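Accompanying notes for the structure given below.
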Amino acid sequence: MSQSDIRIQICGSLTQITSCDWDSCACPEAAEGARPFDPFTTYRFLKALEESGSVGQNTGWYPQYMLAFEGNEIIGVAPFYVKFHSQGEYIFDHNWAHSFEVAGGRYYPKGQIAVPFTPATGRRLLAKVTAEKRAQNALLAGAVAYARKAQLSSVHITFCTQAETEVAQKLGFMPRIGQQFHWEDAGYGNFDGFLASLSSRKRKNLRKERATANDFNGCIDVLVGDDIRPHHLDAFWVFYQDTGARKWGVPYLTRSFFDELYTHLRDDTVLIMARQGREYFAGALNFAGKDTLYGRYWGCTKYHPNLHFELCYYRAIEWALANGLTRVEAGAQGQHKLARGYLPKQIYSLHWVAHPGFAEAIATFLKAESEAVDEEIEILTEYGPFRRCEVEEHQ
């Protein structure tokens, strides 16, 4: 069956599709009960955002989920949103918006294929294995057709895979290369094995940092699945509000998202919390995929030296190693992660722009930016904490 036989349907709510139909494209590897590679594109996660009001009316994220039908069978889906701002994306295009509007254009609304508020890498053109290329091509063409019909300025696919980038370039999408800091298991076995891979000076500094972090006359709880209770999320909501208010002005997630998390997402969640007695005062929220632990949010109500590094980075590495995961993604930005074993890695996004002149200007910018990012990754990797032979292996 050819691509022209595939029909694209847009729906404004996940209530219009079953979890089985969505997840058969988003995470077929989880059909037998295994963890999905990417927990963020699962039906339960995206629906939690929708049901909690974190996306939808008055948020600037308007769901227009794309479904690719071959006959009566759904063979592909994509989390498509119409956006009226650039908040919660982490692939920054504010300068593009400003330049286009100064020149007399209208940048918003735009289209976004992404997981809202989630700078985690993974598939965005979600397709059944048996129809992957056909469905991906149809979803890309459908996104452009929708953008033209709705008079959107552009379509952006963020934190996608390298393979998706190669497919989309053939249909006129421009690739953008960025960087994040990820930790990867090189066969360490345990945290001591990881420490042994570091230079002696960095290893000594890390041990001192951990000793300081854990010296707060309390304990650290690592909570997964049914270990997570409502009072843990009550405490974390306070931490999240504080961090969100300082970083973004208004937290992206609503309080009811954490109720949805408790009901539907506990098995995907790793919550690392510091407490004194019964009082929790700091925490880090992570989500677990099949081979990757994704660090998402951190917050605290009182400061303790180096505790942020302990909860967000070192405990995450320990949990990953203990549970057979080979990678930790610690979120967006942050060169301070480098000294803690998280090395710079390329990340990918894709951009289609309707206005030919504006598209040409962006293409010129992206070429120069890509060269600068590649150079920065090479330099930063050289400054990593690993012994010389380990750095060469990571390269």
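Given the structure is predicted, the values throughout are model-derived calculations rather than measurements. Excluded from the calculations below are hydrogen atoms, water molecules and symmetry mates; all remaining heavy atoms, backbone and side chain alike, are included.
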- Message: To the closest 0.5 Å, what do you measure between CZ (R315) and CE (M273)?
- Response: 13.5 Å
- Quick one: do the E50 and Y65 side chains pair a donor with an acceptor below 3.5 Å? yes
- Message: Using ring centroids (six-membered ring only for Trp), state whether F236 and Y297 fall under 6.0 Å.
- Response: no
- S24 side chain to D21 backbone, donor-acceptor under 3.5 Å: yes
- Task: Please lay out, stage by stage, how Y108 and E101 fare under the test side-chain contact (heavy atoms from CB on, under 4.5 Å).
- Result: CA-CA 9 Å; Y108 304 107; E101 291 176 1; 3.6 Å; yes
- Message: Run S154 and Y107 through side-chain contact (heavy atoms from CB on, under 4.5 Å) and show every step you take.
- Response: CA-CA 8 Å; S154 48; Y107 194 72; 4.1 Å; yes
- Stepwise side-chain contact (heavy atoms from CB on, under 4.5 Å) test for H264 and K47: CA-CA 10 Å; H264 301 293; K47 194 162 187 288; over 6 Å; no
- Mind running side-chain contact (heavy atoms from CB on, under 4.5 Å) on L171 and W352 for me, showing each step along the way? CA-CA 9 Å; L171 293 181; W352 174 88; over 6 Å; no
- Check whether any side-chain heavy atom of D227 sits under 4.5 Å from a side-chain heavy atom of L271, and report yes or no. no
- Query: Taking the six-membered ring for Trp, are the ring centroids of Y313 and H336 within less than 6.0 Å of each other?
  - Reply: yes
- Decide, yes or no, whether a salt bridge links R210 with E318 under the criterion of side-chain N to carboxylate O below 4.0 Å. yes
- Query: Under 4.0 Å between a Lys/Arg side-chain N and an Asp/Glu carboxylate O for R255 and D234?
  - Reply: yes
- Message: Can you tell me how far apart CD (Q180) and CD (E329) are? Round to the nearest 0.5 Å.
- Response: 5.5 Å
- Look up atom OG1 in T118 and atom CD in E89, then write down how far apart they are to the nearest 0.5 Å. 11.5 Å
- Considering only heavy atoms from C-beta outward, does the side chain of L307 approach that of F281 to under 4.5 Å? yes
- Message: Below 30° counts as parallel, above 60° as perpendicular, anything between as tilted: where do the rings of F365 and W96 land?
- Response: perpendicular
- Output the distance between atom CG (L293) and atom CG (N286), rounded to the nearest 0.5 Å. 4.5 Å
- Between the side chain of Y62 and the main-chain N/O of N58, is any donor-acceptor distance below 3.5 Å? yes
Less than 3.5 Å apart, which donor and acceptor atoms pair up between the side chains of residues 31-41 and the rest of the protein, not counting sequence neighbours?
| unit_1 | atom_1 | unit_2 | atom_2 | d |
| --- | --- | --- | --- | --- |
| R35 | NH1 | D267 | O | 2.7 |
| D38 | OD1 | F40 | N | 2.9 |
| D38 | OD2 | R124 | NH1 | 3.2 |

- Starting at OG of S19, measure out to CG of L46 and round the result to the nearest 0.5 Å. 12.0 Å
- Item | Qualifying salt bridge (Lys or Arg N to Asp or Glu O under 4.0 Å) pairs with a residue from residues 270-298, counting only residues at least two apart or across chains | D221-R275
- Query: Would Y342 and F181 count as a close aromatic pair, with their ring centres under 6.0 Å?
  - Reply: no
- Message: What I'd like to find out is whether the side chain of L139 reaches to under 4.5 Å of the side chain of F80, using heavy atoms alone.
- Response: no
- Query: Quick check: does any side chain N or O of R106 sit under 3.5 Å from a backbone N or O of Q151, one acting as donor and the other as acceptor?
  - Reply: yes
- Option from F45, W61, Y90 for which ring-ring contact (aromatic ring centres under 6.0 Å, His included) with F117 holds: W61
